[in-house]
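One structure below.
Lettering of chains follows the sequences in order, A, B, ..., and the numbering in each one begins at 1.
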Amino acid sequence: MSETPLLDELEKGQWPSFVSEIKKSAKKNKKAEGLLGQLELSYKEKKTHWKHGGIVGVRGYGGGVIGRFSDVGEEFPGAAHFHTIRVNQTAGFFYTAEALRKICDIWDRHGSGLTNLHGSTGDLVLLGADTDSLEDIFCELSKEGWDLGGSGGGVRTPSCCVGPARCEFSCYDTLALNQDITMTYQDELHRPSFAYKWKFKFSGCPNDCVAAIARSDFAVIGTWRDDIQIDQDAAAEYVQNGLDIQTDLLAKCPTRCIEWDGSLRINNPDCTKCMHCINVMPKALRPGKDKGACILMGAKAPIVQGALLASVIVPFIRLQPPYDEIKGIIKKIWEFWDENGVARERIGECIQRVGLGNFLEAIGVEISPQVVTQPRDNPYIFYEEYYEEEGGEG
Amino acid sequence: MATLEELKARKTDIGPPPVEKFLHSIIKENYGKWRYHEILKSGVLAHTAESGAVIYTVRAASPRLISTDFIRYICDLAEKYCDGYLRFTSRNNVEFLLANKDNIEPLIGELENNGIPVGGTGRSISNIVHTQGWVHCHSAATDASGLVKVVMDELIDHFKNEDLPAKLRIAVACCLNMCGAVHCSDIAILGLHRTVPKIDNERLPKICEIPSTVASCPNAAIRPTFIDGKKSVKIDEDRCMYCGNCYTVCPAMPIADPLNDGVSIWVGGKVANTRQGPSFTKLAIPFLPNNPPRWPEVTSAIKNIVEVYARNGKKYERMAEWIDRIGWTKFFSLTGIQFTKYHIDDFKHAGLSYRRTTQMRS
Ligand code: SF4
Ligand code: SF4
Ligand code: SF4
Ligand code: SF4
């Protein structure tokens, strides 16, 4: 292995070191060795040495593999081809040791031995494959029951929070919906044909642990409509154990709708389901029983027209298999996008361009005050209806 | 090469395996029937089901860019202490799922002896979500893994201990594409370019489509032109804000500039709908130099912001809520960060952030 004085500095300190990880692989793997050398050069020159992505892939798929070529491949042959393989992760990122080891075996045989668990979108990422080994890797992964994730202008690999598998707050089955949506849209996931990327993210409650509201074109965030469930004994126990209920709970409720006089009283019609009180005393408070989710759309990072948070499209929807209602909405939205979208414009930008009101009307979703924080404050209204003067030209 | 048999077995669109087979029996039996959870100590959760069953979770750090050796090692631990079951969090922590409470301490002992800290729960700093950087991306203005490493080395005590007013979420992205959720984090570290893309007039006509290159610019800075009789583009330098979008569309417009690329720091973003709801990050420090391998300017800037927040924030107050309470003027004076003209928005909806009232703290 070549000398890496700069990267060696990143093996110091208490946080586990990615440089040590690259070195572990580099000891036995030429590709990882190439990466190590190239990265040291980048650290020296303060500059990336990856070329613009190239198109590579496996038969029958339009995405899931992202080409990555080095601009110093002659100097570091191992890094010359260093493609990414996105493997569709399990719902909620649950694994067994046995299953992960099999992926490691395949990856040690054919790739760099380096991975990301997980990529930003959620995929289990294998980092550093040669063009020639892609088919083999795919075949072996497929034999073990794994498939590719998404890339390009199509559905990206959906991801969800831990949900009902290990969280008492979950208002719908995030893992089941995530799996159902992933399976229903395999074609859109593997053969991208949209104007730009489309991300689905599923969070079980307004805590939004997968950052759906910030990072997905289509965010499904669990919520409820009835009263917060209260266990008064457990609430009293929190207070006895030293919880400063006035400061830490009552004063932090955004609508000041909770009171405490030895027992908790919530004025539920004023509750915005923000989760604060429930997070503070999970043993005493739980979401209501009339559970479902809110659908929000259009979050994205700044490129191209500026960053957006997702905004409410459907304030409340019940989610039970076979999920026909939500799939009906998705179908209408994609039809709309197909007609109105332009290349490299995310759906959030598209909705802003045509107007949320027009968008909701086009997809047949009821227009309610819940989709805005306030009515417009400018008078530039595009009226679509007029009175005609009776009698005409007469 | 794949054998004929393998090629025949090759199936497409099978999707991810159903999650059921990766769930511990305690989780399967109590799926959707969890009653409450407690944080037993930093990095250790106990979830109790209505049935009274309990599943314990030990949350451990990971550099995210990991070798198969690392994966095999955590798999060994999962088999030794967790009946083989483990998961990852959306912030790339490893979570070991234990049925037996007595296994918690031995597991933590082994992890810590092997340099893998345990923590990241409750009112602490969890793992930093980040992007590829120089390790694996063409548009990187800085390295992401390196920044994460040096910042977490500096803040490790806040990962191991729940000693902050509220949870603190940090994210790193190495260019404005922001493959991580940095636009909504308590603290965001964002790599950026500061100079106009250099146009390779030789290659451009061969590899780029002129109309899509022109259309790629959010600020209409790119115009078609002819150079030596060949089609190319030119950039109106006054309109360019170095976003690199044209480079994504056209590889003949490289934007990397080692002398000028660097890092900016943003604060006060939030994803959760708790209390005042989600918000974007706002600019704290417009530029810090790329100073690898350990970015001392960046680590000390982040450390300063975190420590000021730790001292002044009230319990359950996220960074955004703390700044809201004290006001931005106080934020800049407490942190000693200089407020400059770059902090004042001059893009599309700039006016929305101008102060449109006489109400202000002195
Ligand atoms: S989003 Fe809500 S339901 Fe999902 S893991 Fe987080 S707290 Fe639990
Ligand atoms: S969920 Fe939020 S809004 Fe509702 S009562 Fe609790 S703190 Fe108040
Ligand atoms: S943030 Fe930019 S540089 Fe970093 S991985 Fe994403 S596209 Fe690449
Ligand atoms: S870097 Fe961005 S602003 Fe500058 S010319 Fe390219 S697309 Fe336009």
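If you look at A/His52 and B/Tyr247, their ring centroids are closer than 6.0 Å. Side-chain rings of A/His83 and A/Phe69 approach one another, their centers coming within less than 6.0 Å.
With a 4.5 Å cut-off on non-hydrogen atoms, B/Ile156 touches chain A through its side chain but not through its backbone. With a threshold of 4.5 angstrom between heavy atoms, B/Glu154 does not approach chain A through any atom at all. Both the backbone and the side chain of A/Lys12 have a heavy atom closer than 4.5 Å to some heavy atom of chain B. Contacts between B/Ser279 and chain A at a heavy-atom distance below 4.5 Å involve the backbone alone (N, CA, C, O). Proximity to chain A is limited to the backbone of B/His130, based on heavy atoms less than 4.5 angstrom apart. Both the backbone and the side chain of A/Val58 come within contact range of chain B, judged by heavy atoms closer than 4.5 Å. Proximity to chain A (any heavy atom under 4.5 Å) is restricted, for B/His47, to the side chain, taken from C-beta onward. Interface remark: A/Leu309 contributes backbone and side-chain atoms alike to the contact with chain B (heavy atom separation under 4.5 Å). Within the 4.5 angstrom heavy-atom criterion, only side-chain atoms of A/Trp107, from C-beta onward, approach chain B. Looking at A/Asp105, both its backbone and its side chain come within 4.5 Å of chain B, counting heavy atoms on both sides. Looking at A/Asp231, the atoms closer than 4.5 Å to chain B (heavy atoms on both sides) all sit in the side chain, from C-beta outward. At a 4.5 Å heavy-atom cutoff, B/Leu155 makes no contact with chain A through either its backbone or its side chain. At a 4.5 Å heavy-atom cutoff, the contact between A/Thr84 and chain B is made by backbone and side-chain atoms alike. Interface residue A/Leu35: only side-chain heavy atoms are found under 4.5 Å from chain B. Proximity to chain B is absent for every atom of A/Ser170, based on heavy atoms less than 4.5 angstrom apart. With a 4.5 Å cut-off on non-hydrogen atoms, B/Asp257 does not touch chain A at all. Interface remark: B/Ile55 contributes side-chain atoms only to the contact with chain A (heavy atom separation under 4.5 Å). When heavy atoms are compared at a cutoff of 4.5 Å, A/Leu126 does not approach chain B at all. Heavy-atom distances place the side chain of B/Leu45, and not its backbone, under 4.5 Å from chain A. Within the 4.5 angstrom heavy-atom criterion, no atom of A/Ile278 approaches chain B.
With chain A as partner, the option from B/Asn290, B/Val249, B/Ile27, B/Val135 having the largest number of non-hydrogen pairs under 4.5 angstrom is B/Val135. Considering only heavy-atom pairs separated by less than 4.5 Å from chain A, the leading option among B/Met152, B/Arg64, B/Arg72 is B/Arg64. Ranked by non-hydrogen atom pairs under 4.5 Å with chain B, the options A/Asn116, A/Leu175, A/Asn88 are led by A/Asn116. Ranking A/Gln89, A/Arg68, A/Arg344 against chain B, the residue ahead of the rest is A/Arg68, based on heavy-atom pairs under 4.5 Å. By number of non-hydrogen pairs under 4.5 angstrom with chain A, the leading residue of B/Thr57, B/Asp13, B/Val19, B/Thr48 is B/Asp13. Contact count against chain A (heavy-atom pairs under 4.5 Å) is highest for B/Ser145 among B/Pro278, B/Ser145, B/Cys82. For the set B/Cys137, B/Cys243, B/Gly32, B/Ser216, the count of heavy-atom pairs under 4.5 angstrom toward chain A peaks at B/Cys137. Chosen from B/Glu20, B/Gln132, B/Arg91, B/Lys21, the residue pairing most often with chain A at heavy-atom distances under 4.5 Å is B/Gln132. Residue with the most contacts toward chain B among A/His190, A/Glu9, A/Met275, A/Arg101: A/Arg101 (heavy-atom pairs, distance under 4.5 Å). Looking only at heavy-atom pairs under 4.5 Å with chain B, the residue among A/Lys47, A/Lys51, A/Gln38, A/Glu144 that has the most is A/Lys47. In terms of heavy-atom pairs under 4.5 angstrom with chain B, the leader among A/Pro5, A/Cys209, A/Gly128, A/Ser142 is A/Ser142. Of all the listed residues (A/Ile221, A/Ile137, A/Val162), the one sharing the greatest number of non-hydrogen pairs under 4.5 Å with chain B is A/Val162.
Between A/Asp208 and B/Lys270 no salt bridge is recorded (no basic side-chain N to carboxylate O distance below 4.0 Å). Remark: A/Lys252 does not engage B/Glu321 in a salt bridge, criterion side-chain N to carboxylate O under 4.0 Å. Salt-bridge formation is not detected for the pair B/Asp143/B/Lys149: no Lys NZ or Arg NE/NH1/NH2 atom is positioned less than 4.0 Å from an Asp or Glu carboxylate oxygen. Residues B/Arg294 and B/Asp153 are paired through a salt bridge, judged by an N-O separation under 4.0 Å between the basic side chain and the carboxylate. Of the charged side-chain nitrogens involved, none lies within less than 4.0 Å of a carboxylate oxygen, so that A/Lys27 and B/Asp69 do not count as a salt-bridged pair.
You'll find the side chain of B/Val148 reaches within 4.5 Å of the side chain of A/Trp15, heavy atoms only. Side-chain contact between A/Ser42 and A/Trp50: absent, with no pair of heavy atoms (C-beta onward) separated by less than 4.5 Å. Looking at A/Tyr43 and A/Leu10, their side chains come closer than 4.5 Å, going by heavy atoms from C-beta outward.
Note: A/Tyr95 and B/Phe22 have tilted aromatic rings, judged against thresholds of 30 and 60 degrees for the angle between ring planes.
Atom NZ of B/Lys314 is surrounded by 12 or fewer heavy atoms from other residues, nucleotides or ligands within 6.0 Å.
A/Asp173 and B/Tyr31 share a donor-acceptor pair across their side chains, judged by distance under 3.5 Å alone. Side chains of B/Asn127 and B/Ser62: no donor on one and acceptor on the other come within 3.5 Å.
At least one donor-acceptor pair closer than 3.5 Å links the side chain of A/Thr115 to the backbone N or O of B/Ile66.
Cys pair A/Cys274/A/Cys253: SG-SG separation is not below 2.5 Å.
A/Phe18 CZ to B/Ser67 OG: the interatomic distance, rounded to the nearest 0.5 Å, is 13.5 Å.
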Requested in this report: Go through A/Glu21 and A/Lys24 one step at a time and tell me if the salt bridge (charged side-chain N to carboxylate O under 4.0 Å, His left out) criterion holds.
Outcome: CA-CA 5 Å; A/Glu21 292 303 311; A/Lys24 279 188 223 164; 2.7 Å; yes
